[in-house]
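Heads up, the thing below is written out as structure tokens.
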Amino acid sequence: MGFDVENAAKILGNNIMIERKNRGLSQYELADGICSQSMISSIEKGHYVPNSILLAQLCNKLGISIHNAMLNNFFEIGESRENTKKIENLCNNHRYEELIEFMNKSNLLDSFNNCLLIQFSHINKSFAMGMDYR
């Protein structure tokens, strides 16, 4: 089973919408100083996947980690369910340096053929290097 970008975009958008509504914010209020209200609408509908900088800004304004926005669901990575489970375990336990080593050793980064997984990879590298997107 491959990675479904369209479904992932909808899940991400739905998670952003839930967090926004939980905080009593309108789309306009969330967008203020970051992007347009129409961009928030497109993200929430799953029509647009934000780049890592925009996602970090939205998560910061919502007071959530990028993991809360993105990782409520894990997707099959490559052909091996074992790889996906290992990645899920490393992420859930915040063992980002080990995650990067595992992904590099098993050449999983080569199989990331869409922008959402590439952004996810860069975000996790940033966490491993001590950057905080929260």
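Values reported hereafter were calculated over all heavy atoms of this structure, with side chains retained and with hydrogens, waters and symmetry mates removed.
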### Query
Mind checking what makes side-chain hydrogen bond (donor to acceptor under 3.5 Å, both in side chains) contact with Q57, not counting sequence neighbours?
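If we apply the side-chain hydrogen bond (donor to acceptor under 3.5 Å, both in side chains) test to Q57, skipping adjacent residues, there are no hits.
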Please give me the minimum heavy-atom distance between [X] and [Y], naming the atom from each residue.
X	Y	result
S65	C59	O-SG, 3.9 Å
L54	N51	N-OD1, 2.7 Å
R20	L25	NH1-O, 2.8 Å
M39	Y48	SD-CE2, 3.2 Å

### Query
For E29, what residues pass the salt bridge (charged side-chain N to carboxylate O under 4.0 Å, His left out) criterion, not counting sequence neighbours?
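For E29 there are no salt bridge (charged side-chain N to carboxylate O under 4.0 Å, His left out) partners, ignoring immediate neighbours.
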### Query
Which distance, rounded to the nearest 0.5 Å, do you find between the CD of E19 and the CG of L30?
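CG of L30 is found 11.0 Å from CD of E19.
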#### Entry: Approximate separation, where rounding is to 0.5 Å, of M17 CE and K10 NZ
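The distance works out to 12.5 Å.
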### Query
Of the options I34, I53, I66, which is the one that meets L58 in a side-chain contact (heavy atoms from CB on, under 4.5 Å)?
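Looking at I34, I53, I66, the match for L58 under the side-chain contact (heavy atoms from CB on, under 4.5 Å) is I34.
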### Message
If you define the side chain from C-beta out and look only at heavy atoms, does anything of L12 sit under 4.5 Å from L55?
### Response
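Contact flag for L12/L55 side chains = yes.
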### Message
Would you say that I64 contacts R23 through its side chain, given a criterion of any heavy-atom pair below 4.5 Å between the two side chains?
### Response
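Yes; the side chains approach each other to less than 4.5 Å.
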### Task
Check the pair I43, V49 against side-chain contact (heavy atoms from CB on, under 4.5 Å), reporting the backbone distance first and the verdict last.
CA-CA 6 Å; I43 291 168; V49 177; over 6 Å; no
### D32 backbone acceptor or donor facing K61 side chain under 3.5 Å
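At least one qualifying donor-acceptor pair exists.
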### Query
Looking at residues at least two apart in the chain, or sitting in another chain, which of them share a side chain to side chain contact (heavy atoms under 4.5 Å, CB included) with K45?
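Residues passing side chain to side chain contact (heavy atoms under 4.5 Å, CB included) with K45: S41, H47.
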